[in-house]
A.B. asks: 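Below is one structure. I have some questions about it.
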Amino acid sequence: MKNIGYLFFSMGFLLAISCQQEGNNSIQNCCLSSADSLSIINEIIVATNNYAIANINMDFDKAANFYDSSSDFKLAENGEEYANWDSLYLTIKNAFQPLDSVNCIWGERNVIPLKPDAATLYSGLSFRT
């Protein structure tokens with residue numbers, strides 16, 4: 001009977017250790033180092049600066065590169081929801097065509113890196129014609 005008790009204790013102990021190690025692996029895989037986070041933030045700042053410059057230069061196609069053209073693209077801004085890339089592309093293209101000039105200014109940009117291939121960006125963006 002004592003052997004069964006030791007067996008259950010040993011199995012429980014091993015299970016607890018293996019779960020703890022798995023948990024630590026998950027935490028390590030999801031977190032970014034400070035250097036990685038800073039690199040992601042800088043990459044997003046550069047990309048958003050390039051977006052503003054493309055708008056100021058009235059280069060619609062270059063500005064359009066800022067957006068994801070994949071099939072799972074979704075965007076909502078100023079109360080309007082764009083179901084896919086094509087709907088956004090046509091809306092922006094039609095907005096650019098009658099304009100003589102555009103001034104594009106970012107507000108404070110808050111970037112939160114989530115993982116190596118994902119981050120959130122929260123900011124205001126002002127377009128003046």
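One-based numbering along the sequence shown.
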A.B. asks: Measuring from Asn55:CG to Phe127:CZ, what's the distance to the nearest 0.5 Å?
C.D. replies: 4.0 Å
A.B. asks: Measuring from Ile45:CD1 to Thr48:OG1, what's the distance to the nearest 0.5 Å?
C.D. replies: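 Answer for the CD1-OG1 pair, Ile45 versus Thr48, is 4.5 Å.
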A.B. asks: For Tyr89, which residues count as a ring-ring contact (aromatic ring centres under 6.0 Å, His included) partner, sequence neighbours excluded?
C.D. replies: Phe60, Trp85
A.B. asks: Taking all non-hydrogen atoms of both residues, which atom of Ala54 and which atom of Ala63 are closest, and how far apart?
C.D. replies: CB-N, 3.6 Å
A.B. asks: Tell me the closest heavy-atom pair linking Pro113 and Ile41, and the distance in Å.
C.D. replies: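 Heavy atoms of Pro113 and Ile41 come nearest at CG-CG1, 3.8 Å.
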A.B. asks: How would you list, by chain and number, every residue that makes a side-chain hydrogen bond (donor to acceptor under 3.5 Å, both in side chains) with Ser87, sequence neighbours excluded?
C.D. replies: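 side-chain hydrogen bond (donor to acceptor under 3.5 Å, both in side chains) list for Ser87, sorted by chain: Asn84.
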A.B. asks: Does one hydrophobic cluster hold both Leu121 and Leu32, with members joined at side-chain heavy-atom distances below 4.5 Å?
C.D. replies: yes
A.B. asks: Applying side chain to side chain donor-acceptor pair (under 3.5 Å) as the test, list every pair that has at least one member in residues 32-41; sequence neighbours left out.
C.D. replies: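 Sorted pair list: Ser33-Asp36.
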A.B. asks: Give every residue pair that meets the ring-ring contact (aromatic ring centres under 6.0 Å, His included) criterion with at least one member in residues 36-55, sequence neighbours excluded.
C.D. replies: Tyr51-Phe66, Tyr51-Tyr67
A.B. asks: Mind checking side-chain contact (heavy atoms from CB on, under 4.5 Å) for Asn103 and listing every partner two or more places apart, or none if nothing turns up?
C.D. replies: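 Partners of Asn103 by the side-chain contact (heavy atoms from CB on, under 4.5 Å) criterion, ordered by chain and then number, come out as Ile56, Ile105, Arg128.
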A.B. asks: Excluding sequence neighbours, so at least two apart, what forms side-chain hydrogen bond (donor to acceptor under 3.5 Å, both in side chains) with Asn49?
C.D. replies: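 Partners of Asn49 by the side-chain hydrogen bond (donor to acceptor under 3.5 Å, both in side chains) criterion, ordered by chain and then number, come out as Arg109.
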A.B. asks: Are Leu90 and Met58 joined in one hydrophobic group, where the rule is that I, L, V, M, F, W and Y side chains link up if heavy atoms are under 4.5 Å apart?
C.D. replies: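 Not linked; separate clusters.
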A.B. asks: Tell me every residue that passes ring-ring contact (aromatic ring centres under 6.0 Å, His included) with Tyr82, counting only those two or more places apart in sequence or in another chain.
C.D. replies: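 For Tyr82 there are no ring-ring contact (aromatic ring centres under 6.0 Å, His included) partners, ignoring immediate neighbours.
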A.B. asks: With sequence neighbours left out, write down each residue that passes side-chain contact (heavy atoms from CB on, under 4.5 Å) with Ile112, or none if nothing qualifies.
C.D. replies: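 Here the qualifying residues are Leu114, Thr120.
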A.B. asks: For Asp86, what residues pass the side-chain hydrogen bond (donor to acceptor under 3.5 Å, both in side chains) criterion, not counting sequence neighbours?
C.D. replies: none
A.B. asks: Kindly write out the residues that satisfy side-chain contact (heavy atoms from CB on, under 4.5 Å) with Asn110, not counting sequence neighbours, or none if the list is empty.
C.D. replies: Glu108, Tyr122
A.B. asks: If you take all heavy atoms of Gly107 and Ser123, which pair is closest and at what distance?
C.D. replies: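 Minimum heavy-atom separation between Gly107 and Ser123: O-OG, 3.4 Å.
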